[in-house]
Every structure is written in structure tokens, then in C-alpha cells.
Novice: 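Pasting a structure below so you can have a look.
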Amino acid sequence: MCRNIKPLFNFDPPATDEEIHDAALQFVRKLSGTTKPSKRNEAAFERAVSSIAACARELLDSLETSQPPRDREEEAAKARARNAVRFA
């Protein structure tokens with residue numbers, strides 16, 4: 001599950017709230033061991049996702065680097081090339 005979490009720092013344009021939420025959701029799914037919580041645990045699951053997303057946004061906003069921002073399309077092309085070799 002966590003293989004779906006992608007690096008979100010130092011991209012142009014910066015990571016969106018949706019991307020951060022998706023990463024937080026994957027993280028909570030991994031920790032809880034479930035992709036869909038029961039009705040009884042749904043509120044706790046959503047609180048955890050919201051809390052982690054907020055912490056991730058704070059982290060990304062506070063990180064600094066001297067490297068130039070990475071290009072999303074270029075990074076996606078590299079990932080596709082790695083997958084083509086891996087799964088060929």
C-alpha cells in the first residue's frame with residue numbers, strides 16, 4: 001500500500017492538498033491494515049487522515065532546499081521507465 005505514496009517535496013508546482021490527503025490516506029490505510037474502516041471506526045480513521053494531512057502540509061511548507069524544483073512530468077517519465085524495466 002505505501003508504495004503508492006510519492007515524494008511531494010520540491011516540485012513545481014507544489015503539492016496540492018489533494019495529493020497530500022491521498023498520501024495521508026495511504027499511510028493510515030497501511031497503519032490500520034484496512035482500506036475501508038468499519039462504521040464504528042470511520043470517524044477515528046477520518047480524524048487520523050486529516051491530522052496526518054495537516055502535519056504533512058506543515059512539513060512540506062517548512063522544508064528548505066537549495067536544489068531547483070523538480071519537474072512532475074520528468075519524474076513521472078523516469079518512474080514509467082523504471083517500471084518498464086522492472087515489469088518487462
Novice: What pairs with Arg57 under salt bridge (Lys or Arg N to Asp or Glu O under 4.0 Å), at least two apart in sequence or on another chain?
Specialist: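 With sequence neighbours excluded, Arg57 shows a salt bridge (Lys or Arg N to Asp or Glu O under 4.0 Å) to Asp17, Asp61, given in chain and number order.
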Novice: By salt bridge (Lys or Arg N to Asp or Glu O under 4.0 Å), which residues pair with Glu18, not counting sequence neighbours?
Specialist: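 Scan of Glu18 (salt bridge (Lys or Arg N to Asp or Glu O under 4.0 Å), adjacent residues dropped) gives none.
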Novice: Quick one: side chains of residues 39-55, donor-acceptor pairs under 3.5 Å with protein atoms, not counting sequence neighbours, listed by atom name and distance.
Specialist:
residue: Asn41; atom: ND2; partner: Ser38; partner atom: OG; Å: 3.3
residue: Ser50; atom: OG; partner: Glu46; partner atom: O; Å: 3.1

Novice: Going by the rule side chain to side chain contact (heavy atoms under 4.5 Å, CB included), which residues pair with Gln67 if we only count those two or more places apart in sequence or in a different chain?
Specialist: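 Partners of Gln67 under the side chain to side chain contact (heavy atoms under 4.5 Å, CB included) test: Asn10, Thr65.
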Novice: Nearest 0.5 Å please: distance from the NZ atom of Lys78 over to the CG atom of Asn83.
Specialist: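 Taking NZ in Lys78 and CG in Asn83, the distance rounds to 14.5 Å.
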Novice: Roughly how far apart are Lys6 NZ and Arg72 CZ, rounded to 0.5 Å?
Specialist: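 Answer rounded to 0.5 Å: 12.5 Å.
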Novice: What I'd like to find out is whether the side chain of Pro7 reaches to under 4.5 Å of the side chain of Glu75, using heavy atoms alone.
Specialist: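 They are not in side-chain contact.
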Novice: Who are the side chain to side chain contact (heavy atoms under 4.5 Å, CB included) partners of Glu73, not counting sequence neighbours?
Specialist: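 Expected list: Asp71.
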Novice: Which hydrophobic side chains are connected to Phe9, either touching it within the sub-4.5 Å cutoff or through other members that do?
Specialist: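 Joined to Phe9, directly or through intermediates: Leu8, Ile20, Leu59, Leu60, Leu63.
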